[in-house]
Every structure is written in C-alpha cells, then in structure tokens.
2 protein chains.
Amino acid sequence: MVSAPRLIALDWGSSQLRAYLLGDGGVVLAERHSADGASRLAGGAPAFEQALASLVSDWWTEGGLPVLACGMVGSAHGWREVPYAACPVALDSLHEQAGVVRMAGQRDVRIVPGLCWTPADGPPDVMRGEETQVLGLLAAQAAWAEGSTLVLPGTHSKWVSVRDGRVTSFATHMTGELFALLCAHSVLGRLMQPAPGFDTAAFERGVHSGASGGGAALGRWLFSVRTLGLFQALSPESLADYLSGLLIGSELGAALPGAAPDHPLVLAGEPVLCERYALALGLLGRAAVLGPQAPAAAGLWRLARQAGWVGG
Amino acid sequence: MVSAPRLIALDWGSSQLRAYLLGDGGVVLAERHSADGASRLAGGAPAFEQALASLVSDWWTEGGLPVLACGMVGSAHGWREVPYAACPVALDSLHEQAGVVRMAGQRDVRIVPGLCWTPADGPPDVMRGEETQVLGLLAAQAAWAEGSTLVLPGTHSKWVSVRDGRVTSFATHMTGELFALLCAHSVLGRLMQPAPGFDTAAFERGVHSGASGGGAALGRWLFSVRTLGLFQALSPESLADYLSGLLIGSELGAALPGAAPDHPLVLAGEPVLCERYALALGLLGRAAVLGPQAPAAAGLWRLARQAGWVGG
C-alpha cells in the first residue's frame with residue numbers, strides 16, 4: 001500500500017533545486033529537480049516562490065502539506081536568510097532555529113539553519129545544506145551519532161566531527177573547486193587531454209605526494225603536473241587524475257590528523273568521488289565506511305519529525 | 001660619449017617580447033617591447049622572425065650585431081626548442097648549451113637554455129628565462145654567486161639556490177597564478193571589492209595564518225577568505241590582500257626551511273610584489289635584500305660576454 005504524502009522536502013543548493021515528496025517513515029514517493037538553484041534566481045522572494053511552484057505545485061494538497069528546505073536557500077542571497085546555528089550543536093534541536101517564509105495562500109516554507117564553527121585557533125567555518133546530510137547519515141546508522149567523522153567530498157569538502165548527537169566541529173577544504181579551476185584556467189590544464197578511463201596509478205602517485213608533510217607539499221608539488229607532463233613521465237590523459245590525487249592527498253594529509261582514530265570515518269556524496277576518497281584513505285592506512293548517497297531527504301524527514309511538523 | 005651598439009638582447013616570455021639594445025659594458029642604449037609573446041605567436045618560425053623584425057630591424061647593422069634571447073622563445077612551443085640544462089649547473093658555462101636559429105640574411109639568433117632540476121625526493125622542476133635573471137643578479141653583486149637564495153616572485157615564483165657560481169637547485173611555487181585564479185574564478189572572489197590601497201593588517205593576518213604549520217594550513221585557511229567576509233571580520237576591500245597574504249605566507253612557510261640560513265635572501269621582480277614578500281619575510285623573522293629590477297638584460301649581456309659573442 002502506498003503511503004499518503006506527508007512532507008515536501010527541498011534540497012535547495014546554489015545550482016540546483018531538488019524536491020522530494022515523502023510519505024510515512026520518510027519513504028520517497030516522488031522526486032524532481034530543476035536548475036533553479038539559489039544563486040541562479042534573481043528577483044528575491046517572488047522568484048523563489050515561482051521556482052518552487054513551477055516544480056511542485058501539483059504536490060500541494062488542500063490540507064497544506066508541510067514544506068521544509070535546506071541549503072543556500074537560507075543564505076543572505078537566498079529566499080530568506082536564516083542565521084547559522086553555532087557549533088557545538090545538538091542535531092536533535094536544530095529545528096528550533098529554523099526560519100520560515102510565508103507564501104501566497106498562507107503556505108509556509110520552513111528553512112533549516114546552516115552551521116557555523118569558530119575554533120579557538122583557526123578561522124570561522126560555515127556550511128549550509130551539509131548539516132541536513134549529516135542528519136540523514138545519522139538516521140541511517142544510529143551508532144554514528146555517538147562518535148564519527150563524516151566526510152562529504154565535493155566542491156567544498158566538509159569534514160564533520162560528531163559526538164553524542166552533536167556536531168562538535170567541522171572544516172571546509174576547497175578541493176573540488178581548486179581541481180576545477182586548475183583544470184579549466186591554469187597552466188596545468190594546458191597539457192591535459194580527456195581520458196578514456198581512470199588512471200589509478202597516476203592518482204595514487206598524486207595522493208602519496210600530496211599527503212606528504214601533512215599536506216604542506218601541495219605548493220611544492222602542484223607545478224609537477226606540468227613538469228611530469230613536459231617530461232612525458234605522465235601522459236596527457238593521466239594528468240587530471242594525478243592532479244586529483246595531489247589535491248585529495250593534500251586534503252587528507254591536512255585533515256586526517258584531526259579525525260578521531262577510534263571513530264568510524266564515513267564517506268557520503270557522489271559515488272565516483274567517494275570511491276576516489278576511499279582509495280586515497282586506504283593508501284594512507286585509514287579505512288572508511290561508505291554512507292548512503294544523497295542523504296538530504298532522510299535528513300529533512302528526520303528534522304521534520306523531531307520538530308513535530310509531520311505525523312506518520 | 002655614447003657607446004656603439006654591441007648586442008640585441010631579447011627577454012622573450014610567454015606574453016611579451018622585450019628588446020634591449022646594449023652597448024659597451026651592457027649599458028642599455030634603447031628598450032622596446034611588444035605583445036608578441038611566445039605563446040601568442042601561431043605559425044612557427046616565420047611568425048617569430050616577423051615579430052622580431054617588426055620590433056628591432058632598424059637596430060640591425062651591416063656588420064651583423066649579435067642577437068641573444070632568453071625565455072619561452074626556447075620552449076617546445078617557441079621559435080626553437082632548446083633542451084634544458086640540468087642542475088647543478090655552472091652559470092659560467094651556460095652559453096655552451098645555447099641553441100641557435102638562422103634567419104633570412106644569414107642572421108643568427110642564439111637562445112639561452114632553460115634549467116631543469118630533479119631532486120631525489122621530489123618532482124622535476126623547470127624554468128625558462130629566470131636563469132638569465134639569475135645571471136643578471138649575480139652580475140650585480142658578485143658575493144651572491146658564492147652563496148645565496150634568489151627569490152623571483154611572480155605568476156610562478158622561483159626559489160633558486162646558488163653556491164660557488166652554480167645553481168644547485170630550485171623550486172617553483174604557483175602563488176601568483178593561484179591568486180589570480182581564486183580572485184577571478186572562485187567563490188572567494190565573489191565577496192571581494194576593489195581596494196583604494198593596500199590593507200597591511202589584512203595582508204599580515206593572512207601571512208601569519210598561511211605560514212603556520214610550514215604552509216600546510218593553506219587548505220584549512222583558504223575558505224576563511226569567504227567566512228571572514230561573510231562575518232564582516234574583514235571588509236570586501238580587504239579580502240584580496242588577505243588572500244595574497246595567505247598564499248605568500250604559505251609559500252614562505254614551505255620554502256623558507258630549505259633556504260640556507262647563512263646565505264643572503266635576495267628578492268627580484270616587480271617592485272610592488274617584492275615589497276609584499278619583504279614584508280612577509282620580515283614578519284617571519286627573515287631579512288631580505290632587494291636586487292635590481294629587470295635583471296634579464298644584464299644577464300643576457302653577461303652570458304654573451306662569457307661566450308665571447310660580443311666585445312666591449
């Protein structure tokens with residue numbers, strides 16, 4: 001028997017809007033997406049309302065299904081700015097800091113707050129959207145809430161420390177963005193050729209080099225993407241995988257010493273990218289667990305349940 | 001009394017061709033430049049010959065003034081590929097590895113080889129053009145040939161170790177290119193606004209952070225350009241100087257431990273950039289000497305004299 005719809009859950013990032021119609025227990029009844037990411041919508045609140053309506057208005061019911069969103073939709077350039085919740089923060093009470101916007105027809109859209117973290121000895125850090133993925137991951141495996149390091153690779157990789165149901169700290173590494181920039185716009189990209197497949201050996205070579213010296217070697221090694229290409233020590237088709245290894249290795253070299261050794265290390269995100277991280281972690285002697293893909297819907301469901309915004 | 005012309009000296013880089021007419025003792029009689037950099041010239045040798053002729057053909061004499069060039073003109077995509085001279089290399093004999101192209105009218109253009117260096121524990125490295133700047137710097141101050149670290153800041157900063165008249169090793173840091181990429185194309189550039197002047201405090205803050213942990217902190221600190229802007233801890237006008245400090249600090253944190261503490265550290269290049277490096281070095285407790293600007297002409301003269309290609 002198909003469940004009745006209970007929640008419209010929105011993973012609304014910078015470049016994409018992804019909508020889930022969730023039923024009892026958070027089961028996904030339907031899923032849609034559009035290119036109406038928060039950074040692509042000019043025109044303020046009406047543009048967001050219009051983008052949402054054009055994607056899911058047929059999901060709306062007379063009774064008024066609750067709508068919950070996470071991601072850059074809650075940033076200063078989003079639909080409504082929702083202040084960051086400061087770490088350490090208990091994930092069970094995150095809903096108390098949610099924001100709300102009221103649409104035409106008295107329909108409310110609630111927005112999950114992002115997180116901020118200011119360590120004593122380092123710069124402040126922020127996330128929007130990943131906190132909801134964290135909620136979804138902890139819903140998948142209750143033991144991870146007791147103590148874990150969650151690694152969410154991507155444009156801006158996040159390393160999230162969880163203990164006793166709280167996010168105690170996190171750090172952002174711009175690994176994916178650096179990779180894209182260097183391939184597209186730097187001298188390193190000039191020798192690169194598209195590859196027919198993944199060059200494991202070139203990637204592994206990069207990981208070992210990038211991770212050496214706690215990640216400090218990056219400045220020394222980056223230019224080697226060019227020189228190894230010039231000297232034909234690596235083929236033009238292998239240079240991007242080598243650079244990927246250097247950057248991921250450098251991230252791991254810098255971040256691993258801060259990851260509690262007795263806690264599981266959980267990877268979640270795009271499968272191809274998670275495989276690369278798992279391979280690199282293995283090379284550096286650290287095991288990783290693969291979490292469920294796309295945990296945002298599960299996180300939104302969990303938060304809505306905690307808040308009492310849905311039954312079921 | 002004005003000296004007779006003795007040498008046409010060409011500093012022929014990727015993006016620019018700079019020509020000097022040199023007289024006795026290497027005195028600069030005239031200087032010109034054009035946008036015909038080596039990476040902008042399609043069409044092989046005839047394009048290079050044409051670019052040179054259109055800039056300096058009125059400098060040519062019947063007797064046949066010698067022409068000597070350095071830089072990317074000697075690369076695989078230049079006029080003629082000249083193999084790299086391998087370090088350690090004695091600068092006094094570098095001319096023996098020069099290449100030569102013969103133009104119409106039996107006129108020869110000699111090209112200085114670049115250098116390559118392959119450390120036992122690291123990637124290979126290369127330079128083209130900077131070896132000639134090194135020659136010019138050592139011509140300016142003979143003591144630097146005995147032992148010095150020459151720092152040439154720029155798109156690809158070079159740290160060159162000199163001892164007993166030899167380049168013993170060198171390293172490339174892509175600091176300038178990373179700065180330009182991150183300002184122009186990354187999320188970090190989005191909050192930046194043009195500044196009326198240099199924000200020393202923001203720069204110094206960046207240097208201290210970037211240099212910490214031997215430069216390993218870059219991955220951890222880069223995203224702080226965004227967060228310090230978001231939290232208005234730095235103004236939009238100060239973010240570029242802060243990022244500049246982070247990147248230069250990271251370069252210094254990685255490179256300084258390899259610079260012989262008993263040798264002078266010499267900075268040469270664009271004055272504004274050298275000032276930033278001198279300031280950063282001072283913050284990290286290391287004094288630097290400012291070398292002469294634009295030492296390429298002096299280096300070309302010195303090499304031509306060593307080779308016996310010019311009198312005077």
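Lettering follows sequence order; numbering is per chain, from 1.
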Leading residue by heavy atom contact count with chain A [cutoff under 4.5 Å; candidates B/V187, B/D125, B/L228]: B/V187
For atom CZ of B/R286, decide whether the heavy atoms of other residues, nucleotides or ligands shown that lie under 6.0 angstrom number more than 12. yes
Choice from B/M174, B/E251, B/H173, B/H185 maximising heavy atom contacts with chain A below 4.5 Å: B/H185
Region of B/F231 in contact with chain A, defined by heavy-atom distances below 4.5 Å: side chain
Start with the C-alpha gap between A/Y242 and A/S209, add the side-chain angles, then the distance that decides, and say whether side-chain hydrogen bond (donor to acceptor under 3.5 Å, both in side chains) holds. CA-CA 10 Å; A/Y242 173 67; A/S209 298; 4.5 Å; no
Under 3.5 Å, is there a donor-acceptor pair between the side chain of A/D241 and the main chain of A/D199? yes
Inter-chain contacts: residues 11-18 of chain B against chain A, heavy atoms under 4.5 Å: none
N/O donor-acceptor pair under 3.5 Å between A/E131 side chain and A/G129 backbone: yes
Which atoms of B/L230 approach chain A - backbone, side chain, both or neither, heavy atom under 4.5 Å: side chain
If you define the side chain from C-beta out and look only at heavy atoms, does anything of A/V82 sit under 4.5 Å from A/Q97? no
If you tally heavy-atom pairs under 4.5 Å against chain A, which of B/L188, B/T155, B/T118 wins? B/L188
What part of B/E177 gets closer than 4.5 Å to chain A, counting heavy atoms only: side chain, backbone, both or neither? side chain
Okay, side chain of A/T168, backbone of A/S161: is any donor-acceptor separation there less than 3.5 Å? yes
Return yes if some donor-acceptor pair links the side-chain N/O of A/T172 with the main-chain N/O of A/H156 below 3.5 Å, else return no. no
Is the shortest side-chain heavy-atom distance between A/L234 and A/R205 below 4.5 Å? yes
Report yes if the side chains of B/L267 and B/L273 come closer than 4.5 Å at any heavy-atom pair, otherwise no. no
